[in-house]
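Take a look at the structure set out below.
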There are 2 protein chains.
Amino acid sequence: MSAPLRLGIAGLGTVGVGVVKIIQQHAELLEMRSGREITITAVSARSKDKDRGVDLSGYDWEDDAVALAKRDDVDVFVELMGGSEGTAKDATEAALAAGKDVVTANKALLALHGQALAEAAEAKGHVIRFEAAVAGGIPVVKALTEGLAGNTITRVMGVMNGTCNYILTRMESAGLPYDEVFAEADALGYLEADPNLDVGGIDAGHKLALLSSIAYGTQVNFDGVELEGIGSITIEDIHQAADMGFRIKLLGVAQMSGRGLEQRMTPCLVPASSPLGQLEGGTNMVLLEGDSVGQIVLRGAGAGEGPTASAVMSDIMDIARGIRVSTFSLPAKALKQVQAARGTAAAPYYLRFELEDKPGALAKVAAVLGDAGISIDRMRQYQHEDASAPVLIVTHKTTRDALDHARKGFADTGVVVGDPVAIRIEEV
Amino acid sequence: MSAPLRLGIAGLGTVGVGVVKIIQQHAELLEMRSGREITITAVSARSKDKDRGVDLSGYDWEDDAVALAKRDDVDVFVELMGGSEGTAKDATEAALAAGKDVVTANKALLALHGQALAEAAEAKGHVIRFEAAVAGGIPVVKALTEGLAGNTITRVMGVMNGTCNYILTRMESAGLPYDEVFAEADALGYLEADPNLDVGGIDAGHKLALLSSIAYGTQVNFDGVELEGIGSITIEDIHQAADMGFRIKLLGVAQMSGRGLEQRMTPCLVPASSPLGQLEGGTNMVLLEGDSVGQIVLRGAGAGEGPTASAVMSDIMDIARGIRVSTFSLPAKALKQVQAARGTAAAPYYLRFELEDKPGALAKVAAVLGDAGISIDRMRQYQHEDASAPVLIVTHKTTRDALDHARKGFADTGVVVGDPVAIRIEEV
């Protein structure tokens, strides 16, 4: 039996408390599985006196997370504070400098500073593990890093923000507009303090950037993620996409091409009958595609005390078992900087616009699409009482450039009212 | 850079050739990810001269897999021959005795001899890895052993035989009887040489027994798996289950209760709208449930060259990276022998039987169910021209004992023709 593995846990919110509970309730099981006792040396959080529903009296208290991170009697620094800057970053750096392993659930920190932190860890022969940072309880970092280690990864896709998926599926099921469902989600406490992290796609974009790095052996490049939130999705789009057999998801896609690494976190249409299309509420789903394995689909809770704590524990158990894999699969120094690419992969698009009720109006629009080299798969013109009527078009595969060209052309027709909505249809 | 990891590969069928291809085509990627060159020292198979579409000239040839397993210049013995006895077993034992790590895709070998082999491996400080033995390319052994290491596992479920799922979904989509689709599957080469391994549920039962051991810390107990194949499923059952909103799957379920470990690999009804219900063709799906993580769903190809070779490679890469976890998660000596339990969990059932067209017939059946303490959720009596008509009943939750009691009572009514069909409805 090896020496105990001693943890210092910084951050006692939902996830931190969940980790403490697992360690207290499953001590024997964890020790049998890892061959080591898992102990907590010290904890740290903003308020010492808050009742968190767990007994913390057996652990030292540190007001300062940085001091906790440096303690000689801590083997693993467990960072559950969150935030890309400030204390979380300072304490993580301090832990690495002091030669500790780090387990974190902090996607923002790693998305923005992952390369430097991984290099710092590896310089000391230590690891940063971050299973809980991506897709909650789903062991997707492990599946990608280890389970598919024999594959060239061809595509990574995922719905990785439960709040956005909740909002989109709730809009559809209740027939409510975005603003109302947003307010509901806010009242239910589903939104981050800065809701743009959720609905702007930033949180999910952080997660995608981490998976991309593992998948393609590249330095984390969050700036290279094309971000588009769900705020402009209307209930009409949801209903009309459904009419055409699709559902709208905030979907992350990462693909390498000759032109560079394309990372997108944008609303997409997916077939309603596909696993992604059927994903309801706050559940997450990640699809990993490799040259040998084909497509693997992973689904589970993307947030919450139990699932996230489960992911943190899997990292702690890996370290206890002596499992040490480079932070982003390759040694940090071997990760390549690559060009960010946009619009490399052609795709069909869903277009929606208001067309004035004039003879020949549709012909003008069709001519614009034809000029741009875009062919029409399906078209639907809705009945109307006003001077204009909604038109839906599903195109055949086309490029982003062609689409931008067509959108400009639409403005010149004089029969398209306002700005057309264009949503990519992702092949899943 | 560490020394190369030297493989001896026994068995050059589809999977063996797939592994050789990956090692040849992805040499640089594998070395970058693991920090070690992955090399093949020697190979072994039945026929040396067969053209397998890969260049084997760089490797020593061994006619005898046992001799291959013992070679001093082999670090890892990769067993891809199959079969629970004979050469596969002899060579695996020889490799372990010689102090090698073993990677195998052989579910039968481990389901029947896993305990002894794991003890032999651990006595020498080595490991047996078997990701490819369960659910093809899906990294489910890793997800369960490592990804959910912080959880008490509450249930393991899965569709783990693609051939059975192909047959069942094809019967439904083409409206063909079992015998015809069985013949089709045979002609397509989907069936094992002994088809009962597939359609009798044995192959899937082996897989379930391996997952149970990891999940519950118990010695592999294939004899404790309740097995029922798909041979008695009729097209009528499939259609009528669909009418009630269900699909029939050969579903494995493993659950621990106070009475022991229940392992079932039997046809079950699942909601048509659930992820399991929507699983088409040869795809596999495994659901893992833990006290913290909730339910994780994993889906992917359950067989085939690429997916299975991908799983074998993940084990090889783990060993190259120094990842060493006990074969069944706990040290083999710590695995408990537990009682096999049957029928511990109550469930609703689907019942189908032919009822004679006599006044009061249905009342007699209802009385039998009432006497057995079984209440009816839904009932449907089909129109008929014969002297008897099919009746479908979906019961509320009931026990196996109550059901057996009712089935005996049916025989005494004099109005039930033949033996009723009873299929468990699994809550998923």
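For the atom pair CD1 of A:Ile153 and CG of B:Leu29, the computed distance is 9.0 Å after rounding to the nearest 0.5 Å.
Contact count versus chain B (heavy atoms, under 4.5 Å) is highest, among A:Gly18, A:Gly147, A:Gly300, for A:Gly147. Per-residue counts of heavy-atom pairs under 4.5 Å with chain A were compared for B:Pro307, B:Gly136, B:Pro139, B:Gly137; the largest is that of B:Pro307.
In this structure, the portions of B:Met32 lying under 4.5 Å from any heavy atom of chain A include both its backbone and its side chain. Looking at A:Leu30, only its side chain comes within 4.5 Å of chain B, counting heavy atoms on both sides. At a 4.5 Å heavy-atom cutoff, the contact between A:Ala334 and chain B is made by backbone and side-chain atoms alike. If you measure heavy-atom distances from A:Ile22 to chain B, the contacts under 4.5 Å come from the side chain alone.
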Chain B and chain A: which donor-acceptor pairs fall below 3.5 Å?
{"residue": "B:His26", "atom": "NE2", "partner": "A:Thr152", "partner atom": "OG1", "Å": "3.3"}
{"residue": "B:His26", "atom": "NE2", "partner": "A:Asp291", "partner atom": "OD2", "Å": "2.5"}
{"residue": "B:Arg33", "atom": "NH1", "partner": "A:Ala149", "partner atom": "O", "Å": "2.9"}
{"residue": "B:Arg33", "atom": "NH1", "partner": "A:Asn151", "partner atom": "O", "Å": "2.7"}
{"residue": "B:Arg33", "atom": "NH2", "partner": "A:Asn151", "partner atom": "O", "Å": "3.3"}
{"residue": "B:Lys142", "atom": "NZ", "partner": "A:Glu146", "partner atom": "OE1", "Å": "2.6"}
{"residue": "B:Thr145", "atom": "O", "partner": "A:Arg321", "partner atom": "NH1", "Å": "2.9"}
{"residue": "B:Glu146", "atom": "OE1", "partner": "A:Lys142", "partner atom": "NZ", "Å": "2.6"}
{"residue": "B:Ala149", "atom": "O", "partner": "A:Arg33", "partner atom": "NH1", "Å": "2.9"}
{"residue": "B:Asn151", "atom": "O", "partner": "A:Arg33", "partner atom": "NH1", "Å": "2.7"}
{"residue": "B:Asn151", "atom": "O", "partner": "A:Arg33", "partner atom": "NH2", "Å": "3.3"}
{"residue": "B:Asn151", "atom": "ND2", "partner": "A:Ser310", "partner atom": "OG", "Å": "2.8"}
{"residue": "B:Thr152", "atom": "OG1", "partner": "A:His26", "partner atom": "NE2", "Å": "3.3"}
{"residue": "B:Gln278", "atom": "OE1", "partner": "A:Gln278", "partner atom": "NE2", "Å": "3.4"}
{"residue": "B:Gln278", "atom": "NE2", "partner": "A:Gln278", "partner atom": "OE1", "Å": "3.4"}
{"residue": "B:Asp291", "atom": "OD2", "partner": "A:His26", "partner atom": "NE2", "Å": "2.5"}
{"residue": "B:Val297", "atom": "N", "partner": "A:Arg299", "partner atom": "O", "Å": "2.8"}
{"residue": "B:Val297", "atom": "O", "partner": "A:Arg299", "partner atom": "N", "Å": "2.8"}
{"residue": "B:Arg299", "atom": "N", "partner": "A:Val297", "partner atom": "O", "Å": "2.9"}
{"residue": "B:Arg299", "atom": "O", "partner": "A:Val297", "partner atom": "N", "Å": "2.8"}
{"residue": "B:Ser310", "atom": "OG", "partner": "A:Asn151", "partner atom": "ND2", "Å": "2.8"}
{"residue": "B:Arg321", "atom": "NH1", "partner": "A:Thr145", "partner atom": "O", "Å": "2.9"}
{"residue": "B:Arg321", "atom": "NH2", "partner": "A:Ser329", "partner atom": "OG", "Å": "3.1"}
{"residue": "B:Ser329", "atom": "OG", "partner": "A:Arg321", "partner atom": "NH2", "Å": "3.1"}

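The shortest heavy-atom contact between B:Val325 and A:Ile323 is CG2-CD1, 3.7 Å.
When side chains are defined from C-beta on, A:Val297 does not count as touching B:Leu298, because their heavy atoms never get closer than 4.5 Å.
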